[in-house]
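What you are looking at is a predicted structure, and each value in this text was computed from that prediction instead of being measured. The sequence lines fix the lettering, A, B, ..., with proteins before strands; numbering per chain opens at 1.
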Amino acid sequence: MRDPATPTAETPTSAERDELRRQGILLTSIEEIYNWGRSRSVWPLQFGLACCAIEMIAASMARFDIARFGSEVFRPSPRQADLLIVSGTVTKKMAPQVVRLWNQMPEPKFCFAMGACAISGGPFKQGYNVLKGIDRYIPVDIYIPGCPPRPEALLHALMQLQEKIRGQRLTGPSAPPHLQAGAACDCPVPAFGGHDLEPPKNPALWQPPVLVRKEGA
Amino acid sequence: MSFSLPSPLESAPGARVRAVRDPFHGDLLEVSMGPHHPSTHGVFRMNVTLDGETVVKLKPVFGYLHRNHEKIGENASYLGSMPYTDRLDYLCSMTNNWAYALAVERLSGQTVPERAEYLRVILAELTRLLNHTCFAGFILQDCGASGTPLMYAFREREKILDLFESLSGSRMMCNFQRFGGCRADATPEWLEAARALVDGYGAFLDEFEELLTGNEILMARTQGVGRLPAKLAVGAGITGPMLRASGVGYDLRKVDGYGVYPRLDFRVPVGADGDTYDRYMVRVLEMRESIKILRQALGTLPGGPVMDPKARLRGFRAKPGEVYSRIEGPKGEIGFFLISDGGPNPYRYRVRPPSFINLTVLEDLCLGHSIADTVVILGSIDIVLGEVDR
Amino acid sequence: METPDQIRDRLLARFPGASVAVVANPGPAAQHSLLLGSGEARAMAEFLRDSPGLRLDFCSNVTGVDWLDREVTDVASKTIPDPAGGPPKLVEQRTKRLQPGYLEVVYHLYSVELRHGPVVLRLRTGNRSDRVAVPSLTPVWRSCEFQEREVFDLFGVVFDGHPDLRRILMWDEFKDHPMRKDYVEPDDYEWEPTPHADVLAKARRHYPAAAPAAKEEPAP
């Protein structure tokens, strides 16, 4: 099956389409206009964890104005949200709730790991109650480094996400999992154990990086 | 409320809503608010038992942001803990830095140059302005004024953050104070910008107060709500604006007289009723006093170094001993308790978190009020979860 | 304000036979503390709160400290008579003994009414394993309520008479007391890019040196 978004001799290139648009003719495909609409209305979950949440609020305020990107509608309910911004340190006590929130969000959904803590535990990596990266339990689309990242970094991540959404296929083998029959979308929720979370990671999503250590190092 | 509960209503973690039969008063409803809730200021959780809409029991649940600050502090060098203090109360990194720096200075008997003392006062009062402005925005958000007051508050916050950024290099996590002084000196241009901000802040407060203080909805939602008697407040260890709203004029800037506060002229506003409205008003009045302090400190800032030349930061060791040292943070008494065994890192590193201890009376304040009021009362305590759970 | 020695004398006058001692603080801050025996600690705390002249109505800070078992060396000098009839010899005897560890709870008290402080109280448990109970001071100062729960959670000190002693920061199923000095945290970070010695040792445990030779970097 031909990939519908790949230009061929019959389909106009984007430059030609821009030229046609200037002349009042809009050429598009269902996929393109669907992705265009989705990418301009990413509704984040109103969900703050720690310091980064303050910068997330700042991003939605007057100076940075996330509304320019169509994402000012912070939804308190995960049922209405498209984007989970994990903004801050995920503790082991909080991790099951974050995974539960992620499972409650409808597809298509995306996840940002905002800040060093959400990426890897960050400065609190040595903490006994700190989860060393939310990607051990849920799939992360975009990592935003910083401690905390500036609001501009969050906006940049949002633009990257819009790029990603615009590039998504609705059909074919590269379609996102929720459009493929039989693919699992829910992540198992970890349980509180006597010393740690059980299991300590979701092995289907995360494995420790393969390191090669030099002899004698 | 003059009836007894039928049985202890212990809630399992994750329980949502459970109805319990009470033969005399219909159903008691148990609601778990949080840890993901739009109005709990982070990952705070309250297990509330309701009779109709009235709160009959409220148990706070902590620990969802417990990131082991104290354990990490015991394994880090004295200097290495300074950036972690930024992340305690992440709205007020400058005062946290000061509290920690002062504790280490008292542990080791260090002194601080005059200019650094003034700079510390300036930065602490700017932090107080920032915190109280955001508080006013957030509590109005909790009352249902979605957006507008918070937008005003964050507009002013950005101006103060610009000052912090140009001085320390970071907007929120300033990591600026050191034991023995401050990390960098303020340039004349910076001081000029700070003066301009302070001069303009009064006009912003006038505008803000015209919008809010006489607002009928704010008064209806907050006056007489969540009254805190002075005796209970002192016994429960309440500090900061919340204690002063209950009529106790206990301000560590006056009582302990740390820094150069004894040389500055300011008053301590106290409330009369101890209700939520008073807690709002005390903070607004404190901002006016902070502007007064800032004017004096910026006007009389002496010259000289900002760092004690003898101070040693890397490889710092304190003589064996211990100290508890506290300052008046924007949220209350923030203290550090350090025990040194002579090693490169403290043997015991403890933070006295004001907003954690201020939550002791949350249940007392909320009993008998409606569930919607718990949100406003919680907002008036002004918690930051980074400090509550550490 | 009265010195810790004066407060101790007042306490002993009011509670004869009680165990009160002043623990000196050698540091420049010189905040000396009062070590109270567990038996009458609560009554003494009430006395400190209510007695005029002290009125310590504000308990600011409650915290735990974990003191591990440690070896101490006692030095005793002894004179031994010389069997040959000469002058007696002075001999230093060094004995090593194991001082058992204990958990300590520290209270920092201030007076809002009289604006003085701090007065530091200490309570000690018998050991670190089975005799870990001290009386709770929550009935005296309400502000101890959450902080004593925190000490119970993180240090494992059991407070007798606390109205609601549950874990506060960690989850209820958690079994350890993580602020103790000998707590071993779950080994759950597999890789850490910092050059700290203990972190590298941990990385070595995770990645045994059986590395394929082809991927090995050239030695500098």
Side-chain angles (χ1 to χ4, degrees), chain A residues 49-50 88-100 113 116-137 143 145 147 189-217, chain C residues 63-64 66 68 129 146-147 149-156 166-220:
Chain A
L49 279 169
T89 318
V90 187
T91 59
K92 287 178 183 167
K93 192 168 180 178
M94 191 64 198
Q97 337 288 339
V98 178
V99 179
R100 205 167 280 138
C117 296
I119 294 173
S120 69
F124 297 97
K125 185 157 190 154
Q126 290 148 32
Y128 48 85
N129 191 28
V130 174
L131 185 71
K132 281 81 187 172
I134 189 61
D135 54 2
R136 295 190 178 205
Y137 288 118
Y143 297 86
C147 189
V189 179
F192 292 132
H195 307 282
D196 198 358
L197 287 178
E198 287 165 3
K201 60 177 179 268
N202 181 353
L205 285 175
W206 189 86
Q207 287 292 342
V210 177
L211 287 195
V212 179
R213 188 159 66 82
K214 279 196 297 182
E215 209 54 53
Chain C
T63 187
D66 181 16
L68 291 171
S129 50
F146 288 168
Q147 301 188 71
R149 271 179 72 186
E150 190 187 320
V151 174
F152 164 71
D153 185 354
L154 302 182
F155 288 91
R166 290 176 292 136
R167 282 194 180 268
I168 189 167
L169 293 177
M170 304 303 287
W171 54 86
D172 292 335
E173 295 86 349
F174 198 70
K175 292 202 175 77
D176 307 324
H177 300 293
M179 280 302 286
R180 288 200 184 185
K181 291 281 177 187
D182 52 359
Y183 167 73
V184 181
E185 63 188 33
D187 187 5
D188 61 352
Y189 51 108
E190 279 81 2
W191 180 64
E192 172 85 22
T194 52
H196 296 166
D198 51 337
V199 177
L200 282 178
K202 192 180 255 182
R204 274 199 195 102
R205 278 206 306 280
H206 283 291
Y207 302 106
K215 285 192 173 177
E216 202 164 299
E217 289 169 15

> How far does CH2 of C:Trp171 sit from CG of A:Leu197, to the nearest 0.5 angstrom?
Replying inline: 5.0 Å
> Which atom pair, heavy atoms only, marks the closest approach of A:Lys92 to C:Pro186?
Replying inline: NZ-CG, 3.6 Å
> CE/C:Met179 to OH/A:Tyr128 distance, rounded to the nearest 0.5 angstrom?
Replying inline: 6.0 Å
> So how far is it from C:Phe174 CZ to A:Lys93 NZ, rounded to the nearest 0.5 Å?
Replying inline: 11.0 Å
